[in-house]
Amino acid sequence: MITTRYRLHGRVAALLATAIVCFVASAQTAVVSMAQTDAHPIVLHANRMLDIATGRIIAPAEVLVLGDRILAAGTSVAHSAGAQLLDLGDKTLLPGLIDAHVHLFLHPGAEDLQTVQESVPERTLRAALAAKADLMAGFTAERDMGTEGAGSADTAVRDAINRGLIQGPRLRICGNAIDILGGHEDANHFNPAQHIVSNATYADSVDGIIAVIRQQHKDGSDFVKIYQTGPDSMREGELHTPYQYSAEQLKAAVAEAARWGGAVAVHATGEPGTLYAAQAGVASIDHATQLSDETMRLMKEKHIPAVPTFAVFEYFAQHAVTIEQAQREQALLDYKAREFKKQIAAGIAFAIGSDVGPFPHGTQARELELMVKYGLTPLAALQADLINGARLLGWQGQIGELKAGYYADIIAVSGNPLEDMSALEHVSFVMKAGVIERPLE
């Protein structure tokens with residue numbers, strides 16, 4: 001009788017719980033609906049707007065925003081009663097920029113020492129400031145490619161942004177990257193007796209990879225980051241970099257991430273690691289300095305973009321400590337630029353990622369300039385950033401264009417980026433999800 005009564009009470013409790021959940025959900029829906037109804041429309045007016053899909057300049061330009069979405073965009077939109085008109089003047093309106101490879105938990109300086117000398121709370125505070133700096137520079141969406149030893153602290157940063165507690169881009173996060181023992185981000189150059197922790201999480205087998213992915217997903221990750229190659233060296237004018245995981249191991253990672261709707265991105269600079277990544281069907285190959293013909297064939301077949309990250313290579317070459325180091329870094333950058341032209345000719349897709357963190361946050365628009373410098377047309381670079389970037393981050397059809405139904409992620413710059421990409425380094429207005437994060441100066 002006690003057991004039966006307990007079960008009956010359990011069923012009643014379950015029914016009550018369900019009713020409460022339904023009531024709360026209905027109340028929340030009502031609040032959202034009221035908020036959307038009460039939100040006053042905003043009309044952004046500027047001299048120009050860039051249609052990212054076609055490259056057409058629309059002049060003059062207006063965008064109608066209600067709540068967090070765009071209602072209309074064109075040469076003119078309806079100005080309803082009560083609409084707020086913001087005349088941005090001689091500016092070009094663009095979708096908010098996307099950086100598909102950032103490190104919010106890094107700042108200029110020795111990366112390995114940041115893990116040793118700075119606590120995770122300190123690094124998290126720095127990450128929050130970095131997120132704001134990126135947003136103020138016009139980057140309204142980013143993919144954080146690993147906390148470099150801060151574990152799942154990026155979950156807190158993402159969630160704080162989503163709750164409106166701090167300013168920052170909409171984020172996809174992965175926690176620590178995954179690495180082998182003695183791999184690219186391990187503490188290989190310290191005294192072993194000190195037991196310095198790795199900047200990544202060890203996984204030396206398929207079972208280990210799956211266990212780490214499951215733990216990271218539990219901790220809030222959106223995707224998986226794996227170190228697939230490194231360290232890099234140039235010998236007789238060619239890149240050499242050891243691979244870390246076989247194609248079969250990477251396939252297991254891709255399958256496990258796909259089980260819960262995630263994907264795998266890899267740090268992979270050269271062969272054969274890049275080939276194994278393409279064979280496994282990863283979401284992106286980041287850095288992608290050296291790609292064989294077969295690798296590029298598979299990337300085209302499987303719609304895998306390369307994310308070149310020129311900006312960080314340039315920064316390392318320009319800020320080397322010694323002349324010898326500067327020469328090595330410049331040689332690597334020159335090699336990367338030559339290989340990039342082959343990749344363009346092969347017709348693979350690109351997304352824009354800067355690897356910002358080792359260089360100052362908020363300055364990564366330089367990446368788009370370098371993509372143009374080394375071979376892409378300005379429009380192709382913007383499409384790689386906005387259309388391919390939105391797809392890579394899983395927000396296709398929601399960000400990356402100024403179209404009805406998309407999030408109102410909008411920036412304004414002087415000049416025309418199709419004529420001078422450096423205009424993106426001087427963003428003067430930022431709106432994210434209908435909220436003005438940076439008013440016109």
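Because the structure is a prediction, the values reported are computed rather than measured.
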Do [X] and [Y] have side-chain N/O donor and acceptor atoms under 3.5 Å apart?
| X | Y | answer |
| --- | --- | --- |
| Ser152 | Thr155 | no |
| Asn416 | Thr92 | no |
| His103 | Glu111 | no |
| Gln167 | Glu437 | yes |
| His101 | Thr309 | no |
| Thr201 | Asn176 | yes |
| Glu238 | Tyr335 | yes |
| Arg69 | Tyr406 | no |

Say whether, by atom type as modelled, one donor and one acceptor occur between the side chain of [X] and the main chain of [Y] under 3.5 angstrom.
| X | Y | result |
| --- | --- | --- |
| Thr295 | Leu291 | no |
| Gln290 | Leu239 | yes |
| Lys302 | Gln279 | yes |
| Gln383 | Ala53 | yes |
| Thr322 | Gln325 | yes |
| Arg56 | Met49 | no |
| Asp179 | Glu185 | yes |
| Gln330 | Ala317 | no |
| Asn47 | Pro60 | no |
| Gln228 | Ala268 | no |

### Centroid-centroid distance, Phe310 to Tyr374, less than 6.0 Å
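Yes, the ring of Phe310 comes within the 6.0 Å limit of the ring of Tyr374, centre to centre.
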
Margin query: Measuring centre to centre across the rings, with the benzene-like ring taken for any Trp, is Phe316 within less than 6.0 Å of Phe359?
Written below: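 No, they do not, as the ring centres are separated by 6.0 Å or more.
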
Report the residues that fulfil salt bridge (Lys or Arg N to Asp or Glu O under 4.0 Å) with [X], sequence neighbours left out, ordered by chain and then residue number.
| X | value |
| --- | --- |
| Arg143 | Asp286 |
| Glu314 | Arg366 |
| Glu294 | Arg297 |

Between [atom1] on residue [X] and [atom2] on residue [Y], distance to nearest 0.5 Å:
| X | Y | atom1 | atom2 | value |
| --- | --- | --- | --- | --- |
| Leu376 | Ile344 | CG | CD1 | 4.5 Å |
| Ser354 | Gln364 | OG | CD | 4.5 Å |
| Thr75 | Ile58 | OG1 | CD1 | 7.5 Å |

Margin query: Please determine whether side-chain contact (heavy atoms from CB on, under 4.5 Å) holds for the pair Trp260 and Ser221, giving the CA-CA distance in whole Å, both sets of side-chain angles, and the decisive distance to 0.1 Å.
Written below: CA-CA 11 Å; Trp260 45 265; Ser221 66; 4.1 Å; yes

Taking the side chain as every heavy atom from C-beta outward, state whether [X] and [Y] have any pair of such atoms under 4.5 Å apart.
| X | Y | answer |
| --- | --- | --- |
| Leu382 | Leu418 | yes |
| Ile161 | Lys432 | yes |
| Pro231 | Pro242 | yes |
| Leu94 | Ile410 | no |
| Cys174 | Val224 | no |
| Tyr276 | Tyr243 | yes |
| Ile196 | Val116 | yes |
| Phe313 | Asp355 | no |

Would you list the atom pairs, donor with acceptor, under 3.5 Å between side chains in residues 395-404 and any protein atom, with sequence neighbours excluded?
none

For [range], which residue pairs qualify under salt bridge (charged side-chain N to carboxylate O under 4.0 Å, His left out), counting only residues two or more places apart or in two chains?
| range | value |
| --- | --- |
| residues 119-132 | Glu118-Arg126, Glu122-Arg126 |
| residues 147-169 | Arg158-Asp222 |
| residues 81-96 | Arg48-Asp90 |

Quick check: are there more than 12 heavy atoms from other residues, nucleotides or ligands sitting under 6.0 Å from CG of Leu181?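 For Leu181, atom CG is crowded (more than 12 foreign heavy atoms under 6.0 Å).
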
Look at atom CZ of Phe429 and say whether more than 12 heavy atoms of other residues, nucleotides or ligands are closer to it than 6.0 Å.
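Atom CZ in Phe429 is crowded, with more than 12 foreign heavy atoms closer than 6.0 Å.
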
- Passing option when Thr289 is tested against Gln343, Lys336, Glu271 for side chain to side chain donor-acceptor pair (under 3.5 Å):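 For Thr289, the side chain to side chain donor-acceptor pair (under 3.5 Å) check succeeds only for Lys336.
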
By the ring-ring contact (aromatic ring centres under 6.0 Å, His included) test, which pairs, at least two apart or in different chains, include something from residues 142-189?
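Non-adjacent pairs meeting ring-ring contact (aromatic ring centres under 6.0 Å, His included): His184-Tyr227, His184-His267.
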
Atom of [X], atom of [Y] and distance for their closest heavy-atom approach:
| X | Y | answer |
| --- | --- | --- |
| Thr229 | Gly270 | CG2-O, 3.7 Å |
| Val307 | Ser284 | CG2-CB, 4.1 Å |
| Val427 | Ala137 | CG2-O, 3.3 Å |

Can you name the side-chain contact (heavy atoms from CB on, under 4.5 Å) partners of [X], sequence neighbours left out?
| X | result |
| --- | --- |
| His319 | Tyr315 |
| Ala349 | Pro305, Asn388 |
| Ala153 | Phe105, Val120, Thr124, Ala150 |
| Ser198 | Asp186, Ala200, Tyr202 |

Practice problem: Walk me through it: do Leu97 and Ile411 pass the test side-chain contact (heavy atoms from CB on, under 4.5 Å)? | Solution: CA-CA 8 Å; Leu97 300 173; Ile411 64 171; 3.8 Å; yes

- Salt bridge or not for Lys225 and Asp144, using N-O below 4.0 Å?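 No, Lys225 and Asp144 are not salt-bridged.
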
**Study point:** Chi angles and distances behind the side-chain contact (heavy atoms from CB on, under 4.5 Å) call for Asp99, Ile352
**Key:** CA-CA 6 Å; Asp99 194 331; Ile352 303 294; 5.6 Å; no

Quiz item: Given the rule in the side-chain contact (heavy atoms from CB on, under 4.5 Å) test, do Val77 and Val63 qualify, once you have shown the distances and angles that lead to the verdict?
Solution: CA-CA 7 Å; Val77 297; Val63 180; over 6 Å; no

